[in-house]
Each structure stands twice: as structure tokens, then as C-alpha cells.
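Down below is the structure, laid out as C-alpha cells.
The chains referred to below are lettered A, B, ... by the order of the sequence lines, with proteins before strands, and numbering in each begins at 1.
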Amino acid sequence: MAEENKEYTFESPEYRKTYWHTCSHVLAQAVKRLYPEVKLAIGPAIEEGFYYDMDSPFPFTPEILEKIEGEMRKICKEKLKLERFELPRIEAIRFMEEKGEPYKVELINDLPEDAVISFYKQGEFTDLCAGPHVDSTGRIKGNGIKLTACNAAYWRGDSKRQTLQRIYGIAFPKKEELDAYLARIEEAKKRDHRKLGKELGLFTLLDEGPGFPFFLPKGMVLRNTLLDYWRQVHKKYGYVEISTPIILNQELWHRSGHWDHYKNNMYTTVIDGEDYAVKPMNCPGGMLVYKTEPHSYRDLPLRMAELGLVHRHELSGALHGLFRVRCFTQDDAHIFMTWDQMEGEIQNVVRLFDEVYSVFGLSYQIEVSTMPEDHIGEKETWDFATETLKRAIEHMGKDYVINEGDGAFYGPKLDFHLADSLGRTWQCGTIQLDMQMPERFELEYVGEDGQKHRPVMIHRVVLGSIERFIGVITEHFAGAFPAWLSPVQVKVLTVTDRADDYAKEIAAGLDAQGFRSEVDNRNEKIGKKIREAQLQKIPYMLVVGDRDIENKTVSVRHRSGEDLGAMSLDAFAAMLKAEVDSQEIK
RNA sequence: GCUGCUAUAGCUCAGUUGGUAGAGCGCAUCCUUGGUAAGGAUGAGGUCCCCGGUUCAAAUCCGGGCAGCAGCUCCA
């Protein structure tokens, strides 16, 4: 773009990338001016902003980042022209050696034989770079730049190599846009499920069990309500439910292949001198249940669901609230079927996903994950399974992207990434097609022809992990769950203690109809009770005072702030029932 | 696991150059009986994450560990 003399619009994704890419060069230039001893690695533009990886003998503190920001603003003011030039490989290497940039030398060495080796020069600073860039550092708005963080990153993404320091930044052509961006980040932090989980009394994580969440009474109501719904919808889609043990003999895990491919993440124990393992997945248990009796083709597809508690030893640094834990409940199911049933059954699962996600107002993006390096089975089987998955969703008119080499060790999968209300995505649902486990466990069914055949299997989860899903919807709803899910649906607030008995009657009446209510009859003013119920994001507040006692009414307030006025308890209950039954989001 | 940062009351946080601790909220008691987002007073509550070191003296300085946060790696 530097070469072209056209109008720039920041709204175009290409130009944003170019703009941010130049910012990363300005960042590197600023660092080299202030700290010449720092070695440069790589500095690209990313989805939102840019970063530069550097090898520095000292950590970049927030104070240092501010200093660097200041220098960056100066560089913008200097309006340095960006000029591109090329060098033959030998000269390019010598050039970077002379500058004392070993990481750049390594990058050049690893470029393909026929690569054009280009550089961009701005003032005294030159960087190895394929471009493109804006034509002058004057294009960058100095006070629209913010260095947001400094963190560690491995050189070339390899955990065995040098740890570098990565400075992240963001930049906009207008200061107001930067402020809006920073405000959005602040908003996201308010929705963080770890913060809301504590404030709303949903769950907690304690030192005594890192990565092992505790569910508190309110979180448990939410969880059980979610699971009631889950059972109801699975019944509708023809599933049966099973439960298999958490600890099983290690021999089973050898047979399933988990031991060879997953043992680093498995917890083990010894019982009566024999080795056992805590299950990291539910499938082997499901296989064993399938084998407890002979099956006819008439039984298929057999859809066996299991809310299975699995344990996985995740790296300590990977733990993150309920999103990444060491023990979680998968809303698993294993579907056994004939080859003919595959496509239809995959689509049946996708329809179930659509129904469930739409209840929460969640949209998704599908990824097709293909054969990983570390896999079992033949490539031909994998190709067939992958094609079947793709074809099934293509016939439903669904879009997808390919995630090369990210499949499970036993088969390819469709991953459903859910976007929360801030546009961040989390993998929840997955549909995995498996032709390996039925083989390893020698599963059979008797066909129409009276012969034994091998079924095919689908592994699938909709919510993914109950824990993660609760985290996702907590952020998605910012803690204001729809009435059907809210741990407390109604809070009855007394104006004076003369209303105590009446309030208890109201709450008892609601409880009798299956609603979840609480009474706040503390010796506090009504304004304070409302404020607290509001902060707890309770959908409905029923204010009861002398007027209500006299008129046999409740004064209804919704958490949106709307005053719905006085009405009879029956009228309110009917309204709430309609809202709960429809699973309305409001 | 790696790099950096953080750890003080149930929660959110102060704590000056080393002299064994404070606020607000919450909780308890009392006053107050107040109609749609915080009424007032009093009081209880702390092994300053754990272990070790320096020092007459450590919440504070140093080392090690556990945990959390950010990111990287990983997420079958």
C-alpha cells in the first residue's frame, strides 16, 4: 500500500492490518532507540492490534511501556517515509548480522530458496518484512496508540525454545476510537464469569483444589435447571441415559488407545495392587455398556447419553475459571449406527444443537478438524469420515472452516464455537465420527442378513462441559439469566415489618407453583432492598407494603428497571409462568 | 510447564523510608417503620498465603514453595 497513492479507510480490514503492522514497526523502532541492547524477533498485526516479540535482558514494566509509547508518538510526529528494498540472501544475512539481530538472521535462513527478501526502512530503523505498510509514520495517530500488555511468548511458538517478551498494542486513527475500545475491554471485564460467579454466589475455586470448581447453592440451582432442560430435550431426540464409573482398570485405557495417546493428562491410582485410571473421557465406558447385550440393526441408531464427570490433568498455566478446569462434566452421548445412517444421524445431532443454542440466543461457527499427527486408524477411513461430516452439514446449508490436524486421535470432528455477546468464541459442542473405537472394542450388531456387522459411532457433546457452558452463558447474559434459569426468580421485598406475614404468604404461594423465590424482610429501606436484588440480577422484585396488603396485590418491578405496577399474585404468577415456559430472554 | 506480575478482615482495597494493621461494603446489636438503586449509631471480626533467611525488630527486605492474574505452549 505504501506504493499506491490511494485514499485510506480504517474500516477496511486490509488497511487496519497494514496500519497495525506499521505500528509494530514503530514500536520496534521506539524500543531500539531507548534500549539498543534489545533483540528483535517478529512483530505482526493481529485480529485486534499488533505485537512485537523481543529478547530483552529486563522485563518491560508498565512505566517502561509508557516511555516506549511516548517515543512512538514522537516517531509518528517525525513523519518518517517507509521505503521498501530487497537484498539477495547473503547480503540480507550480513545486514542483520551487522545489526546484531540473531533472530532476524534465523528467519532469513529459514526463508524458502526462491523467496524475495524485502526490508522496510523508516528513518534510522530497518526491519525484515514482507509488508505492506502505510507510506509514512505520519499516517499513524500518535495519541491513538496504546501498549496494552507485556507477556511472555516462545520464540517461534515452540515451548522448548527461548522465552521472549511480547509487547501488545492497539491503535486507532482517532483518540475517541481508542477510548471506545478501552471502554469495551472494561465492559468485558465486568462480565467475566469469575467475577460474576463470586458476586452471584454461583461457584468458587479454592487453593485446596486448583482447577476443581466448587458449586455453591445458587450455582447448583442454575446447573440443575440447565440439566433438567438438557434431559428433556434429549428425551425428545430419542436418547437414553446411562452413567459409567469414574475410575476404571488401566487395561481398558490401553485397549481404547487413551493410554498411548493421552496418558500425560490422566490421573492414576492403585486399587488392591492393580493399576486404575480416572476417566478423562466417557467413551470406553459407553463401549462397555454397548457390549453388555447383543444388538440388532433394529436397535440402531442407539443414542446413549451420559452426563460424565471426567478428570484431565491440564497444565497449571492453562487453568482459567470454569473455562479451563481439571474436572468437568461432559454432556456426552455415544451414538451407534450403521454406515447408512451416518449422514442422517449427524444431521439429527446438528438439529439438536440448533435447538439448544437458539434457546440461549447463542450463535456458532463450525470448524471441521481433520486428522492429527498422532492418530489411530488408516488414512482412507479418516478421509471417508471427514468427507461424511462435511457432506452432512453442507446438505444442511451450513458454512464451516477447516482446522487442519486438530481432530481427536480416533476421528475427525465438527467443532461448534459459540460467540458470547462480546464476540469472543468458545468451543462447546463437538461431533466426532469414530470408526476406530468400535473396531478396538469389537462392537457388533446383527444385520437384516443375519450376519454380524460393525457399527460406526458418533461422540458428541452439545453444551461441551457443563462448567464451561455455565461460564459462557454467565458472560453472555452478564449474569442476568433468563427467568427460567435464574437461581432466584422472584424476591419479595417488604416496605415495613407490618408486611412480613403477607410477604411470607406470597413467597409460599410462589413456591407452591414451582417458582424460586426469596423474602427480604430485613430492617432496611425499600430502596436498599431493591438495589441489592437488582445487583443480584433477580428478574422480578415484588414490593409489598400496606397498600398491597389492603388490596391483596403485589407491586411488580422487573430488573430492567420497569415498574409493572400492582397486580394480584395470580396475575403475576401467570405472567411469570408464561415467561418461564417460553424460555424467553428478557 | 514457561515469562512477568500479584497475595493484608467474608468481599473490594489502603498501609508512608522495616517499629506486630486500616477504610468501605458485609455481619451482629440498637435506633429508625421508611413505596422502587445505599437511613443512622455501636460492636465483633486478621497466623498480613506457607516455609526459611537478614535484622534489636519483617505485612514491609531476600530466597524457596503453594495459589491467582496476563500471555505463550497445550486443550485428545
For A:Arg547 and for A:Ser316, locate the closest nucleotide of RNA chain B by heavy-atom distance; then report the residue assigned to the nucleotide nearer the 5' terminus. A:Ser316
If each of A:Asp207 and A:Gln432 is mapped to the nucleotide of RNA chain B with the nearest heavy atom, which maps nearer the 5' terminus, i.e. the 5' end?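 Whichever sits nearer the 5' end wins; that is A:Asp207.
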Taking the six-membered ring for Trp, are A:Phe214 and A:Phe203 ring centroids under 6.0 Å apart? no
Students often get this wrong, so: under 4.0 angstrom with heavy atoms, is [X] touching a base, only sugar-phosphate, or nothing?
X: A:Pro280; result: base
X: A:Gly545; result: base
X: A:Gly407; result: sugar-phosphate
X: A:Gly257; result: nothing
X: A:Glu199; result: nothing
X: A:Arg194; result: sugar-phosphate
X: A:Leu315; result: base
X: A:Ala153; result: sugar-phosphate
X: A:Tyr168; result: sugar-phosphate
X: A:Arg557; result: base
X: A:Lys195; result: nothing
X: A:Thr61; result: nothing

Partner residues of A:Thr61 under the side-chain hydrogen bond (donor to acceptor under 3.5 Å, both in side chains) criterion, sequence neighbours left out: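 Per chain and number, A:Thr61 pairs via side-chain hydrogen bond (donor to acceptor under 3.5 Å, both in side chains) with A:Glu63.
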For A:His254, give me all partners under side-chain hydrogen bond (donor to acceptor under 3.5 Å, both in side chains), at least two apart in sequence or on another chain. none
Mind checking the C1' distance from B:rA70 to B:rA9? Whole angstroms is fine. 27 Å
Check the phosphate of [N] against [X], side-chain N and O only, distance under 4.0 Å to OP1 or OP2. Yes or no?
X: A:Ser159; N: B:rC72; result: no
X: A:His320; N: B:rA70; result: yes
X: A:Arg522; N: B:rC27; result: yes
X: A:Lys160; N: B:rG1; result: no
X: A:Lys528; N: B:rG26; result: yes

When you check the side-chain N and O atoms of A:Asp53 and A:Gln165, is any donor under 3.5 Å from an acceptor?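 No, A:Gln165 and A:Asp53 have no side-chain donor paired with an acceptor closer than 3.5 Å.
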Can a side-chain donor-acceptor contact be found between A:Gln330 and A:Ser465 if the only test is distance below 3.5 angstrom?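 There is no such pair (donor and acceptor under 3.5 Å, judged by atom type) between the side chains of A:Ser465 and A:Gln330.
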Record whether the side chain of [X] comes under 3.5 Å of the base of [N] through a donor-acceptor pair of N or O atoms.
X: A:Asp548; N: B:rG35; answer: yes
X: A:Thr496; N: B:rG34; answer: no
X: A:Asp497; N: B:rU33; answer: yes
X: A:Arg324; N: B:rC74; answer: yes

Can you check the A:Asp546 CG to B:rU33 P distance for me, whole Å? 13 Å
In whole Å, I'd like the distance from the CG atom of A:Leu319 to the P atom of B:rG71.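 Atom-to-atom, A:Leu319 to B:rG71, this comes out as 14 Å.
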Output the single nucleotide from [options] whose closest atom is nearest the side chain of [X].
X: A:Glu314; options: B:rG35, B:rU33, B:rC75; answer: B:rC75
X: A:Arg531; options: B:rC75, B:rA37, B:rG68; answer: B:rA37
X: A:Pro210; options: B:rA37, B:rA67, B:rU33; answer: B:rA67

Now, which nucleotide makes the Watson-Crick or G-U wobble pair with B:rA23, with each of the two distances under 3.5 Å?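 In the structure as shown, B:rA23 has B:rU12 as its Watson-Crick or wobble partner.
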Relative to each other, are the rings of A:Phe323 and A:His193 parallel, tilted or perpendicular (30° and 60° limits)? tilted
Under 30°, 30 to 60°, or over 60°: which ring-plane class applies to A:Phe409 and A:His261, parallel, tilted or perpendicular?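 Parallel: the ring planes of A:Phe409 and A:His261 meet at under 30°.
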